[in-house]
Amino acid sequence: AVSPFNGNVYVLDVGDVVNRVQVYTGDTGEYLHEIPLEQVEYPSYKGLAFDAHGYLYTLDIRQGSILKMDVNNQRIVAELAQDELQKAGTADLAIDKSDNIYVLLHNSPENSAIYIFDSKGELFKRFGNLNYDGSEHEPGTFMFPVSLAVSDDGKMIAVCENGFITAYRFD
């Protein structure tokens, strides 16, 4: 993720031993520092995205939540959407300029593919469906989605799954 304020590049580094966000300058790629995340025995975080106020977000897949980080103080300031995400398997996240948080799912209780939360972590919309056996190929139905992107205005969503990228426009 690239900071909208200083252009620094934030890279999520997860593995069997370490979970952290590494920070580099956007112009020269010089290493600046890291933001440590909780250490566990397996990769526990997915996705990075900035909101319009400069907060950095990632998914804590072990706890089933969205973590909001203050990059200046290098600390987590909020844990969001835990009630909804504890029951789902998360794949990626994106944020539009209104600070709506889009979370891509690879499983969910009602087979929704994307949950959309407001900036406080309140679920206000679900989008798409999940199919686990490949039997459905309708628009908006996904099998093994891995990443998503959203336009600044939130009117365009792109989902990558199983070698395909599908874009949706909302009017």
Side-chain angles (χ1 to χ4, degrees), residues 1-14 21 23-24 26-27 43 45-61 64-71 77-171:
V2 178
S3 168
F5 295 102
N6 59 21
N8 287 343
V9 177
Y10 292 73
V11 179
L12 184 60
D13 180 17
V14 296
V21 176
V23 185
Y24 300 87
D27 54 355
Y45 302 91
K46 288 187 178 180
L48 285 179
F50 276 97
D51 70 10
H53 304 286
Y55 288 100
L56 182 64
Y57 294 75
T58 191
L59 295 168
D60 183 336
I61 59 176
S65 63
I66 301 167
L67 299 181
K68 179 179 180 180
M69 292 180 267
D70 178 340
V71 295
V77 295
E79 193 169 344
L80 308 171
Q82 200 164 18
D83 288 342
E84 290 82 12
L85 296 179
Q86 279 185 339
K87 303 169 200 148
T90 55
D92 197 12
L93 82 161
I95 301 174
D96 66 21
K97 289 295 180 189
S98 297
D99 292 339
N100 295 315
I101 306 165
Y102 299 71
V103 177
L104 180 66
L105 307 168
H106 57 76
N107 65 56
S108 67
E110 69 289 325
N111 295 324
S112 294
I114 298 170
Y115 287 172
I116 305 173
F117 299 92
D118 65 18
S119 61
K120 295 178 182 121
E122 298 295 323
L123 179 67
F124 71 88
K125 187 173 186 177
R126 292 179 174 97
F127 171 76
N129 299 303
L130 293 168
N131 178 273
Y132 305 103
D133 63 6
S135 61
E136 294 180 43
H137 298 284
E138 301 170 16
T141 300
F142 306 100
M143 188 172 92
F144 305 120
V146 294
S147 65
L148 86 156
V150 63
S151 63
D152 285 344
D153 62 7
K155 292 187 177 191
M156 180 77 71
I157 296 176
V159 176
C160 177
E161 61 154 337
N162 225 10
F164 300 97
I165 296 176
T166 308
Y168 298 90
R169 179 157 182 82
F170 300 100
D171 293 320

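FYI, side chains are in, hydrogens and waters are out, and symmetry mates aren't considered; it's all heavy atoms of this structure.
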Taking all atoms of both residues into account, what is the closest heavy-atom pair of Tyr168 and Pro139, and its distance? OH-C, 3.9 Å
Examine distances only and state if a side-chain atom of Ser65 and a backbone atom of Ala81 form a donor-acceptor pair shorter than 3.5 Å. no
Which heavy atom in Asn8 sits nearest to a heavy atom in Asn6, and how many Å separate them? N-OD1, 2.9 Å
Would a distance-only check, ignoring hydrogens and angles, find a side-chain to backbone donor-acceptor pair under 3.5 Å from Thr58 to Gly47? yes
Does the pair Thr90 and Tyr115 meet the rule for a side-chain contact (heavy atoms from CB on, under 4.5 Å), with working shown? CA-CA 10 Å; Thr90 55; Tyr115 287 172; over 6 Å; no
Crowded around Phe164 CZ? As in, over 12 foreign heavy atoms under 6.0 Å? no
Sidechain-backbone polar pair: Glu161 side chain, Met143 backbone, donor-acceptor under 3.5 Å: yes
Evaluate the criterion side-chain contact (heavy atoms from CB on, under 4.5 Å) for residue pair Phe142 and Leu104; output intermediate values, then yes/no. CA-CA 10 Å; Phe142 306 100; Leu104 180 66; 5.6 Å; no
Please indicate whether Tyr55 has more than 12 foreign heavy atoms, meaning atoms of other residues, nucleotides or ligands, lying under 6.0 Å from its OH. no
Under the criterion side chain to side chain contact (heavy atoms under 4.5 Å, CB included), which of Ile157, Val103, Leu105 is the partner of Ile114? Ile157
Exercise: identify the closest heavy-atom pair between Val9 and Gly26: CG2-CA, 4.0 Å
CG on Leu130 to CZ on Phe144, rounded to 0.5 Å: 10.0 Å
Least distance between heavy atoms, Gly121 atom then Glu84 atom: O-OE1, 4.5 Å
Distance in Å, Phe117 CZ paired with Ile95 CD1, rounded so as to fall on 0.5 Å steps: 12.0 Å
Check: Tyr10 side chain, Val21 main-chain N or O, donor-acceptor pair, under 3.5 Å: no
Distance only, no hydrogens: is a donor on one side chain within 3.5 Å (strictly under) of an acceptor on the other, for Ser98 and Asn100? no
Going by side chain to side chain donor-acceptor pair (under 3.5 Å), name the residues that satisfy it together with Asp99, two or more places apart in sequence or in a different chain. His53
Hey, does Tyr132 have a side-chain heavy atom less than 4.5 Å from the side chain of Asn111? yes
Would you call Leu93 and Tyr102 a side-chain contact if the rule is heavy atoms closer than 4.5 Å? no
Can Lys125 be said to sit on top of Phe170's aromatic six-ring, NZ or CZ under 6.0 Å from centre and within 45° of the ring axis? yes
Can you tell me how far CG of Asp60 sits from CG of Leu67, rounded to the nearest 0.5 angstrom? 5.0 Å
Minimum-distance pair of heavy atoms, taken over all atoms of Tyr57 and Ile66: CD2-CG2, 3.6 Å
Of the non-hydrogen atoms in Asp51 and Gly54, which two are nearest, and what is the gap between them? OD1-N, 3.0 Å
CG of Asp96 to NZ of Lys155: how many Å apart, nearest 0.5 Å? 11.5 Å
Whether the side chain of Asp152 engages the backbone of Lys97 through a donor-acceptor N/O pair (distance < 3.5 Å, no angle test) should be reported. no
Between CG of Asp92 and CG of Leu48, what distance do you get to the nearest 0.5 Å? 9.0 Å
Let me know which of Ile116, Leu80, Leu59, Leu123 forms a side chain to side chain contact (heavy atoms under 4.5 Å, CB included) with Ile101. Leu80
